[in-house]
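What follows is one structure encoded as structure tokens, with my remarks underneath.
In each ligand, atom 1 is the first atom listed, and ligand 1 is the first ligand listed.
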Amino acid sequence: MKTLLCGRFTLDLSRPLVMGILNVTPDSFSDGGRFNRLEDALRRAEAMLAEGADILDIGGESTRPGAPFVSPQEEMSRVLPALEKLRDLGAPLSLDTRRAEVMREALALDAVDLINDVSALEDEGALQVAAQSQAAICLMHKQGNPDTMQDKPAYGDVVAEVAEYLKRRAQLCLDAGIARERLLVDPGFGFGKTLEHNLALLKRLDEVERIAGAPLLVGLSRKSMLGAITGEAEPAERLGASVAAALEAAWRGAAVIRVHDVKATRQALQLWQALRES
Ligand SMILES: Nc1nc2[nH]c(S[C@@H](C(=O)O)c3ccccc3)nc2c(=O)[nH]1
């Protein structure tokens, strides 16, 4: 049985898992200030778990193109209190960060079960911090950095290049003594890719897993590629395309699906699973 060693938890990857997105950035909650933001985060976390989320992904730095710079101190002031608040909910907590010092401080709270790094542990010291922990690690591909990555993304064969990058990053982790059962890889939809690149990666998602040698985490929910296809400018109005994208990813072997809309995605995957088991 395919499993993921995930900090305090061992997750069964025999069915696709739903990762609920919990942004703890000021613009993602009512402007009630820090205390209310924490209460909001706890309420949102409990709601997503009640809707069937298997993992919660906590992020303090929006990686949206053009997002304002967030200092490590500011990022930690957002995510550390949230991780402490959510630690004992009984669900695996994922930390969406690309900074080694944020990983280090968060892991010291014994509240991080999965390190979700959009820069695949490239930050100075990140690989060492991860290797010294028991957390699972998601290695994501991106081309360039959030403020410039969508200017002119260019690849030869995007699938081969993304998969080879992820294979190299995974091998670095193995060489550092990290067990393969702790690794996830992610093609990074929307991170330095055109619509054509994103569609090729989704169509050939199974190749990414085969080449990289680790189970897949994918994030398609509400992304601009879905906006481009549907003409829907408002991300929160892209539910249909987001659920359809989750199913397409599930058909192609995705092990963890990162979403805003947990209930709708869980329902779709329950149907998908029922058909496979019937
Ligand atoms: N592992 C993993 N982590 C992630 N964090 C995010 S931020 C995303 C958003 O809109 O949610 C986003 C994408 C592109 C630009 C800005 C913000 N996307 C992923 C993903 O695709 N995979």
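- Of all atoms in ligand 1, numbered sequentially from 1 with element shown, those under 4.0 Å from a heavy atom of N116 are 1 (N), 2 (C), 3 (N).
- Comment: E61 engages R98 in a salt bridge, judged by a side-chain N to carboxylate O separation of less than 4.0 angstrom.
- Residues meeting the salt bridge (charged side-chain N to carboxylate O under 4.0 Å, His left out) test with E39, sequence neighbours left out: K85.
- The proximity of D96 to ligand 1, defined as any non-hydrogen pair under 4.0 Å, is limited to the side chain.
- In terms of N/O distances under 3.5 Å, ligand 1 is not approached by D57.
- A salt bridge is defined here as a Lys NZ or Arg NE, NH1 or NH2 lying under 4.0 Å from an Asp or Glu carboxylate O, and R8 with D110 fails to meet this definition.
- Identified under the salt bridge (charged side-chain N to carboxylate O under 4.0 Å, His left out) test for residues 169-186, with sequence neighbours left out: none.
- Of the heavy atoms in L217, only side-chain atoms (C-beta onward) come closer than 4.0 Å to ligand 1.
- Considering each of Q150, R98, K223, M140, the one bringing a non-hydrogen atom nearest atom 8 (C) of ligand 1 is K223.
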Please walk me through it: do D40 and R37 pass salt bridge (Lys or Arg N to Asp or Glu O under 4.0 Å)? CA-CA 5 Å; D40 288 351; R37 238 190 348 260; over 6 Å; no
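- The contact set between ligand 1 and G219, taken as ligand atoms under 4.0 Å from a residue heavy atom, comprises 21 (O).
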